Amino acid sequence: MELLVLPVVVLLASCALSLDNGLMRTPPMGWLAWERFRCNIDCATDPKNCISERLFMDMADRLAEDGWKELGYQYVNIDDCWAAKERDSQGQLVADPHRFPSGIKALAQYVHSKGLKLGIYADLGKFTCGGYPGTTLDEVDLDARTFASWGVDMLKLDGCYSNSSVKAVGYPLMSKALNATGRPIAFSCSWPAYEGGLPPQVNYTLLGEICNLWRNYADINDSWESVRGIINWYGEHQDVLQPAAGPGRWNDPDMLIIGNFGLSKEQSKTQMALWAILAAPLFMSNDLRTISRSDAYILQNKLLIKISQDPLGIQGRMILKGKNGIQVWMRVLSSSTMAFAFFSQRTDMPYHYTTSLAQLNVTAPKVFSAQDVYSGLALHGLEFDTKFTVTINPSGVVMLYVYPGEQLKLNRKPKAYPLLL
Ligand code: GLA
C-alpha cells in the first residue's frame with residue numbers, strides 16, 4: 001500500500017513546485033531599461049531619460065509603432081529604481097509618486113492598450129541592488145499578489161542583499177506565489193548569477209521547473225569586452241548550460257546593447273547572431289526613440305529572429321574553436337535546418353575561412369542550400385564535401401542559415417570555392 005501511495009505524493013509535490021505557466025515557449029523578446037538608463041532618477045534635469053512612466057510609455061509607443069511588436073518584441077520591462085523608498089502603510093510596494101504619478105497599474109493598462117506586456121523588477125533581499133525596498137521571505141506572497149493586481153506580465157527577481165539560503169527558499173517560493181495569483185506572470189530569476197552560474201551551487205533542473213529564464217553570469221555593460229567575455233563564458237560552460245535550456249526555460253546572457261555606444265557595427269552583428277544561436281532572451285536595452293536605422297536593421301533581421309524563435313528551442317553550441325581566433329557556433333533548428341555563426345576574435349583583418357559541411361559534422365541529407373543571414377546572399381547545391389569560404393571581419397560574424405536543398409532543382413554545381421561575402 002505504501003509503495004502505491006508514494007509516487008502520487010512525489011508527483012503532487014513536484015506539481016506544486018513547478019512554474020506551470022505555459023509562457024515563453026520561445027525565447028522572450030522585448031525591451032528592458034537597465035543597461036541604457038540605469039538608476040537615473042534625476043527627472044528635474046533629465047526628464048526624457050530618467051526612470052519614469054514617461055520613459056516606459058515612450059518605449060511602448062516605439063515598440064508598437066516602429067515595427068518591433070510585429071517581429072515579436074512585446075515586453076516593456078521596468079528594472080530597478082522604480083519604487084518609492086518606503087513601502088506604504090499596508091506594507092505594499094509602491095511606485096515613486098513623482099516619477100510614476102499614475103502608478104504601475106495605469107502604466108500596465110497603457111502598455112496593454114498597445115498590444116504589449118509589462119515587466120517589473122524586484123529583489124529577493126532587504127534592498128534592491130540600487131537600494132530600494134527589497135522583498136524579504138515574508139513579503140514574497142504579498143508582492144506577487146501586488147504585481148498580479150497591477151496587471152504585470154513578467155517579474156525579474158534580483159538577488160542583492162540576501163544570502164544563498166534565503167535564495168534557496170525564496171526563488172521557489174516566489175515561483176509558487178506567482179502561480180497562485182492565477183495571472184500568467186513570466187519569472188526571470190537572477191539566482192544562478194549570484195551562485196557562480198555552475199553546479200554544484202546551481203541546480204539547473206530545479207531552475208527549469210521554477211523559472212522561465214535566468215541570468216547565469218555577470219552584468220553586461222556597454223563595451224565589446226563585456227559582450228566578448230559573456231560569449232566566451234557561455235562557450236566554456238556549454239556542457240552544463242546548453243541542456244538546461246528549452247521551451248519555457250532559457251539561459252539569459254543579459255540584454256542586447258545594440259544601438260548604444262560601445263559596439264561597432266561588426267560587434268553589434270556578432271551580439272545579435274550569438275544571442276540567436278544561444279536561444280537567448282532578446283531584451284534590448286537601448287533608446288528606441290533615437291536608434292539609427294542600421295542598428296534597428298540588425299535587431300529587426302527577420303531571418304535572425306526566425307532562428308532565435310525556432311520552435312524546438314534547442315540552444316546552440318560552439319562546435320569548433322581554432323587557434324586562428326575563429327569560433328564556429330551551430331544551432332540545430334526545426335525541419336532539418338540549422339544555423340552557423342562563424343565568429344572572429346581576431347584583431348588584424350578580414351579572415352577567409354574555408355570549410356565544408358563535412359568538416360562541420362553535417363551529414364544528411366546530401367544537398368543543402370545556405371543563406372547569409374546579414375547579406376542575404378544564397379549558396380545552392382552544397383554537398384557534403386563542397387568547400388566554401390566565408391570572410392569574417394575582426395570581432396565580426398558570418399551567420400548562415402542552412403536548409404536541405406531540393407535535389408531536383410540542382411542541375412548546376414556550385415563553384416569549387418564560392419566566396420560568400
Ligand atoms: C543587478 C542586475 C542588473 C540590474 C541591477 C539593478 O546588478 O544584475 O541586471 O537589474 O542589479 O540595480
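Keep in mind that this is a model prediction, so the values were computed, not measured. Hydrogens, waters and symmetry mates play no part in the numbers below; they use all other heavy atoms, side chains included. In listed order, ligands and their atoms are each counted from 1.
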Taking atom 12 (O) of ligand 1 as the point of reference, which of Asp252, Ile220, Asp123, Asp80 owns the nearest heavy atom?
->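 The option holding the nearest heavy atom is Asp80.
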Out of Thr128, Asp254, Asp219, Asp158, whose heavy atom is nearest to atom 11 (O) of ligand 1?
->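 Answer by nearest heavy atom: Asp158.
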contact_flag [X] ligand 1 heavy-atom lt 4.0 Å:
X      : value
Lys156 : yes
Gly130 : yes
Arg38  : no

Below 30° counts as parallel, above 60° as perpendicular, anything between as tilted: where do the rings of [X] and [Y] land?
X      : Y      : result
Tyr353 : Phe342 : tilted
Trp31  : Phe37  : tilted
Tyr217 : Trp233 : parallel

Output the list of atoms in ligand 1 that are nearer than 4.0 Å to some heavy atom of Asp79, sorted by atom number.
->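 So the answer, numbered in order with elements, is 4 (C), 6 (C), 10 (O).
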What are the atoms of ligand 1, with element, lying closer than 4.0 Å to any heavy atom of Cys129?
->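 Answer, ordered by atom number: 1 (C), 11 (O), 12 (O).
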Have Asn286 and Glu35 got a donor and an acceptor in their side chains that come within less than 3.5 Å?
->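 Absent: no donor and acceptor within the cut-off.
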Can you tell me if Asn216 and Asp252 form a side-chain donor-acceptor pair at under 3.5 Å?
->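 The answer is no; no qualifying pair exists.
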Check against salt bridge (charged side-chain N to carboxylate O under 4.0 Å, His left out), Arg87 and Asp143 = CA-CA 11 Å; Arg87 288 174 176 260; Asp143 290 357; 2.8 Å; yes
How close does the nearest protein non-hydrogen atom get to atom 5 (C) of ligand 1, and which residue and atom is it?
->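 Answer for atom 5 (C) of ligand 1: Trp34 CE2, 3.6 Å.
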